[in-house]
Amino acid sequence: MIIDKQTIIEEARAIGHQLSEWRRHLHQYPELSFQEYETGKFVSKKLEEFGNISVQTNVAKTGVVGTLSSGSGRTIAIRADMDALPILEQNEHSYRSQRDGVMHACGHDAHTTILLGIAKIFSDRFAAGKLSGTVKFLFQPAEEDTDDEGLSGAPRMIQEGILDDVETVIALHVCPWHPVGVIQVNDGYSMANVDVFHAKVIGSGGHGGYPHMTKDPIWMLGSVLQAFYGLVSRRISPLDTAAASIGKINTGTASNIIPEEVSITGTLRTYSPEAREQLIQEVENVFKITESFGGSYSFTVERGEPALKNDPAVNALLVQTAKDLYPEIQVEWEPFGMGGEDFGYMTQKVPGAMFFLGCSLEDGKNRDLHTNIFDIDERCLEMGVSILAETAARLLAGKGL
């Protein structure tokens with residue numbers, strides 16, 4: 001049975017005060033990746049209070065999974081991330097972070113709140129026999145960072161089998177470049193593969209007054225940089241989406257000492273798997289230039305999250321649902337950018353999609369993601385609950401796919 005669209009809006013509105021209260025509590029007490037201990041306790045306590053929900057804690061170290069099931073039917077999952085960022089908040093509102101240097105600057109407090117709202121509504125619906133099937137509420141830790149093995153929360157959850165029986169997974173992300181009433185959607189690759197490279201240009205050092213007696217790695221670096229910054233425009237197809245940037249260069253100890261090596265660290269962003277492999281190889285080729293100058297190099301890559309790939313059929317259902325609920329909603333079809341999103345691991349495993357939910361405040365300030373003044377218009381919370389809940393209900397009923 002599909003939830004009546006007006007009913008789900010009314011039910012989301014009925015818990016609007018709680019949504020705001022939960023979100024502000026979470027905002028005041030942010031926790032970094034794989035440190036979401038109190039957040040996890042808060043989430044599991046709420047799920048237990050709702051009733052009928054099986055609660056699993058310590059998933060992927062600090063995550064929580066709530067499960068509602070009628071024992072038969074389809075199995076779907078809805079995901080929200082819970083971690084915060086190492087940022088000192090500069091907002092002055094009453095619910096600003098109480099933990100110096102840690103802030104919910106990417107809206108994960110809102111994501112967690114929205115998923116709690118859906119769980120509350122669905123708990124009552126399942127108890128009344130109005131929904132059938134199985135819904136997993138995935139409260140994921142560590143979207144922003146990785147553990148000692150280089151894994152974030154999503155692949156950790158997958159390793160623990162959380163998606164093994166799931167047919168479809170959906171999620172949202174709050175979007176500060178759109179106001180409430182706008183959603184952004186994109187089929188296929190929508191956020192980037194994220195890879196970090198570590199390289200060294202290796203020469204032989206010596207006295208700065210006798211450079212001809214050295215193999216100066218800084219001199220070699222000049223040619224490396226020139227080639228590196230031409231890669232995307234000259235070696236990668238203009239039909240592929242790619243970006244390559246160097247973020248850190250370290251070398252030297254004194255003005256009159258030519259160092260033995262230069263260390264370089266940067267990020268590589270691509271959409272397609274083919275472009276990902278090509279760009280990594282092209283960057284290593286750039287460092288091979290050092291050999292023609294009598295030097296050498298080292299090059300390693302840390303492979304991060306894969307590109308977020310949205311399933312067109314799931315997207316179509318999300319968009320139709322949003323339009324059915326909110327006829328005046330504005331849908332923007334556009335990729336989400338070159339940021340990373342480890343939800344991409346989940347949509348690699350099973351069909352799924354994420355949409356971006358407009359949340360900007362009408363104060364004229366640029367409160368972008370990962371800034372120290374990030375904040376949201378809390379009217380987006382009810383809208384997020386309604387769209388994801390109704391989409392989930394339609395998925396359970398086998399509609400749209």
Side-chain angles (χ1 to χ4, degrees), residues 76-81 106-108 110-111 114-115 138 140 143-144 152-155 157-158 163 166 168-178 182-195 232 236-245 267-279 303-323 329-360 368-370 380 383-384 387-388 391-392 395 400-401:
I76 68 163
I78 313 172
R79 174 268 203 174
D81 37 17
C106 201
H108 297 185
H111 304 165
I114 288 169
L115 190 51
L138 311 182
Q140 180 203 305
E143 191 278 329
E144 299 287 0
S152 59
M157 281 189 141
I158 292 169
L163 291 182
V166 170
T168 311
V169 60
I170 54 177
L172 60 74
H173 200 297
V174 290
C175 178
W177 54 85
H178 289 308
V182 178
I183 60 171
Q184 188 170 332
V185 185
N186 192 69
D187 288 342
Y189 295 115
S190 304
M191 295 185 77
N193 298 298
V194 178
D195 299 309
V232 171
I236 305 298
S237 168
L239 300 179
D240 285 321
T241 303
S245 296
T267 187
L268 308 178
R269 306 291 175 111
T270 49
Y271 268 19
S272 73
E274 296 77 16
R276 183 182 205 177
E277 298 306 320
Q278 183 188 357
L279 184 57
R303 290 177 178 266
E305 56 263 38
L308 169 64
K309 189 175 185 180
N310 287 325
D311 184 276
V314 180
N315 260 347
L317 181 61
L318 279 164
V319 170
Q320 187 59 55
T321 300
K323 289 181 176 179
I329 200 167
Q330 181 178 340
V331 181
E332 298 286 342
W333 288 90
E334 187 177 359
F336 306 148
M338 299 304 286
E341 170 55 70
D342 81 343
F343 185 61
Y345 285 108
M346 294 191 177
T347 60
Q348 265 190 340
K349 176 75 173 177
V350 298
M354 168 183 282
F355 71 94
F356 271 43
L357 177 71
C359 72
S360 64
D368 207 355
L369 300 172
H370 291 218
C380 75
M383 180 172 284
I387 294 173
L388 279 183
T391 301
L395 285 168
L401 297 179

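Reckoned from all heavy atoms, side chains included, excluding hydrogens, waters and symmetry mates. Computed from a predicted model, the values in this text were never measured in an experiment. For this chain, numbers begin at 1 and follow the sequence in order.
Ser360 contributes a side-chain N or O that, together with a main-chain N or O of His178, makes up a donor-acceptor pair within less than 3.5 Å. Of the possible polar contacts, none joining the Gln184 side chain to the Cys175 backbone as a donor-acceptor pair under 3.5 Å is found. Under a 3.5 Å cut-off, the side chain of Asn186 and the backbone N or O of Tyr189 do form a donor-acceptor pair.
For the residue pair Thr321 and Ile387, the shortest heavy atom distance occurs at CG2-O, 3.9 Å. Here the closest heavy-atom approach between residue Tyr271 and residue Met191 is recorded as CE1-C, 3.5 Å. Nearest heavy atom pair, residue Ala242 against residue Ile236, reads CB-CG2, 4.1 Å. Considering every non-hydrogen atom in both Leu172 and Gly384, the closest pair reads CD2-CA, 3.8 Å. Shown here for Pro312 and Asp187, the closest heavy-atom pair between the two residues is CA-OD1, 3.5 Å. What you find for Cys380 and Val174 is that their closest heavy atoms are SG-CG1, 4.3 Å.
Among residues at least two apart or in separate chains, salt bridge (Lys or Arg N to Asp or Glu O under 4.0 Å) pairs with a member in residues 343-358 are Asp164-Lys349. Among residues at least two apart or in separate chains, salt bridge (Lys or Arg N to Asp or Glu O under 4.0 Å) pairs with a member in residues 339-348 are Arg79-Glu341, Arg79-Asp342.
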Test side-chain contact (heavy atoms from CB on, under 4.5 Å) on Asp81 and Phe343; report intermediate values, then the result. CA-CA 9 Å; Asp81 37 17; Phe343 185 61; over 6 Å; no

Under the criterion side-chain contact (heavy atoms from CB on, under 4.5 Å), I'd like the reasoning laid out for Ile329 against Val182: C-alpha separation, chi angles, the key distance, then a yes or no. CA-CA 6 Å; Ile329 200 167; Val182 178; over 6 Å; no

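By the 4.5 Å heavy-atom criterion applied to side chains, His370 and Cys106 are counted as neighbours. Two residues are said to be in side-chain contact when any heavy atoms from C-beta on lie closer than 4.5 Å; Val331 and Val185 meet this criterion. The closest side-chain heavy-atom distance from Ile170 to Leu395 is below 4.5 Å.
With sequence neighbours excluded, the residues satisfying side chain to side chain donor-acceptor pair (under 3.5 Å) with Gln330 are Glu332. For Ser272, there are no side chain to side chain donor-acceptor pair (under 3.5 Å) partners at least two apart in sequence or on another chain. Take Trp333 and apply the ring pair (Phe, Tyr, Trp, His ring centres under 6.0 Å) test, not counting sequence neighbours, and it matches no residue. The ring pair (Phe, Tyr, Trp, His ring centres under 6.0 Å) search around Phe356 returns His173, Trp177, Phe336, not counting sequence neighbours.
Put simply, CD1 on Ile158 and CG on Leu163 are 5.0 Å apart, with the number rounded to the nearest 0.5 Å. Remark: Thr267 OG1 to Met338 CE distance equals 9.0 Å, nearest 0.5 Å. The structure places CD of Glu277 at 8.5 Å from CG of Asn193, a figure rounded to the nearest 0.5 Å. Atom-to-atom distance recorded for Met354:CE and Ser190:OG is 10.0 Å, nearest 0.5 angstrom. Between Cys359 atom SG and Leu369 atom CG the span is 7.5 Å, to the nearest 0.5 Å. Between Ile76 atom CD1 and Ile78 atom CD1 the span is 5.0 Å, to the nearest 0.5 Å.
Under a 4.0 Å N-O distance rule, the pair Glu305/Arg269 does not qualify as a salt bridge.
Residue Arg276 forms a side chain to side chain donor-acceptor pair (under 3.5 Å) with just one option from Asp240, Thr270, Asp195, and that option is Asp195.
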